[in-house]
Enquirer: 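One structure, pasted below without further comment.
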Amino acid sequence: MGGVAETHTGWTFLTSHARVLATIAEDHRTRIRDIAARCRLTERAVQKIISDLEEDGYLTHTREGRTNSYRIEPGTILRHPAEAGMTVEALLSALAQHDARRDGRTVRPRERDSESAR
């Protein structure tokens with residue numbers, strides 16, 4: 001999802017949950033503080049979102065010393081009926097391809113998925 005954008009007001013297409021999940025997909029050992037800064041949320045909001053994602057089976061974490069390592073469950077189906085059948089893997093793949101085009105990189109469709117499944 002690239003670097004932190006300028007301040008924005010009004011509505012956006014992606015939810016905070018999608019932004020947090022995409023940020024974790026980029027670095028499965030990222031800190032809550034860094035997720036909050038990247039997504040322009042409070043640390044408390046990020047903790048709540050991670051809790052929501054874990055509760056509904058989209059994400060798990062393990063403690064590694066003083067840090068967490070997150071694992072995205074790529075086969076989990078998105079919640080909204082309009083996305084019936086779409087998986088987290090498909091969403092993250094689409095976001096990765098968008099970011100790659102924007103940054104002038106080439107990303108193989110499964111490249112990000114194998115990284116996020118660690």
Side-chain angles (χ1 to χ4, degrees):
M1 303 218 25
V4 175
E6 293 298 316
T7 301
H8 181 299
T9 59
W11 64 273
T12 62
F13 283 100
L14 295 178
T15 66
S16 296
H17 284 67
R19 284 192 185 94
V20 167
L21 196 62
T23 300
I24 290 170
E26 289 179 5
D27 178 3
H28 68 279
R29 290 188 174 163
T30 191
R31 299 178 307 170
I32 287 177
R33 174 179 306 174
D34 298 329
I35 297 168
R38 176 82 181 268
C39 297
R40 298 192 180 252
L41 299 167
T42 65
E43 289 180 36
R44 186 176 180 104
V46 170
Q47 288 172 334
K48 172 68 170 115
I49 289 168
I50 288 172
S51 176
D52 290 346
L53 293 169
E54 285 184 312
E55 185 175 310
D56 287 342
Y58 292 94
L59 183 69
T60 59
H61 80 276
T62 55
R63 195 80 175 144
E64 294 180 356
R66 294 176 53 195
T67 62
N68 287 324
S69 178
Y70 298 96
R71 183 181 191 290
I72 294 171
E73 300 298 333
T76 307
I77 304 295
L78 300 182
R79 292 173 47 133
H80 196 281
E83 289 96 33
M86 184 176 196
T87 63
V88 168
E89 177 178 42
L91 172 65
L92 294 174
S93 179
L95 292 173
Q97 289 174 17
H98 170 269
D99 288 352
R101 281 192 303 272
R102 182 194 61 216
D103 298 341
R105 296 180 286 117
T106 302
V107 173
R108 291 181 224 72
R110 300 290 298 178
E111 181 177 320
R112 180 187 194 119
D113 302 332
S114 63
E115 289 177 9
S116 67
R118 288 187 227 162

Enquirer: Would you say Leu78 and Val88 make side-chain contact, with heavy atoms under 4.5 Å?
Expert: yes

Enquirer: Between Thr23, Val46, Val20, Thr30, which is the residue that forms a side chain to side chain contact (heavy atoms under 4.5 Å, CB included) with Arg38?
Expert: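 Exactly one option meets the side chain to side chain contact (heavy atoms under 4.5 Å, CB included) with Arg38, and it is Thr23.
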
Enquirer: Could you report the tightest heavy-atom contact between Pro74 and Thr87, atom names first, then the distance?
Expert: O-CB, 3.4 Å

Enquirer: First locate atom CD1 of Ile77, then atom CD of Glu83, and finally report the distance between them rounded to the nearest 0.5 Å.
Expert: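 CD of Glu83 is found 11.0 Å from CD1 of Ile77.
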
Enquirer: Find the distance between NE2 (His80) and OG1 (Thr15) and round it off to the nearest 0.5 Å.
Expert: 11.0 Å

Enquirer: Evaluate Arg63 against Asn68 for side chain to side chain contact (heavy atoms under 4.5 Å, CB included), listing each step before the verdict.
Expert: CA-CA 5 Å; Arg63 195 80 175 144; Asn68 287 324; 3.2 Å; yes

Enquirer: Roughly how far, to the nearest 0.5 Å, is CZ of Arg33 from CD1 of Ile35?
Expert: 12.0 Å

Enquirer: Between His28 and Arg71, is any pair of side-chain heavy atoms under 4.5 Å apart?
Expert: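 No, too far: nothing below the 4.5 Å cut-off.
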
Enquirer: Rounded at 0.5 Å granularity, tell me how far CG in Leu21 sits from CD1 in Ile72.
Expert: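 Taking CG in Leu21 and CD1 in Ile72, the distance rounds to 4.5 Å.
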
Enquirer: Tell me, do Asp34 and Asp27 make a side-chain contact under 4.5 Å, heavy atoms counted?
Expert: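 When only atoms from C-beta onward are counted, Asp27 and Asp34 do not touch, as no gap falls below 4.5 Å.
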
Enquirer: Hey, what do you get for OG1 (Thr67) to CZ (Arg31), rounding to the nearest 0.5 Å?
Expert: 10.0 Å

Enquirer: Do Leu92 and Leu14 share a hydrophobic cluster (ILVMFWY, side-chain heavy atoms under 4.5 Å, transitive)?
Expert: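 Result: yes, single cluster for both.
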
Enquirer: With a 4.5 Å heavy-atom cut-off, do His61 and Ile50 have their side chains touching?
Expert: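 No, side chains not in contact.
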
Enquirer: Looking at residues at least two apart in the chain, or sitting in another chain, which of them share a side-chain hydrogen bond (donor to acceptor under 3.5 Å, both in side chains) with Glu64?
Expert: Arg29

Enquirer: Using 0.5 Å steps for rounding, measure from the OG1 atom of Thr76 to the CG atom of Leu91.
Expert: 12.0 Å

Enquirer: List the atom of Gln47, the atom of Ile32, and the distance in Å for their closest heavy-atom pair.
Expert: CG-CD1, 3.6 Å

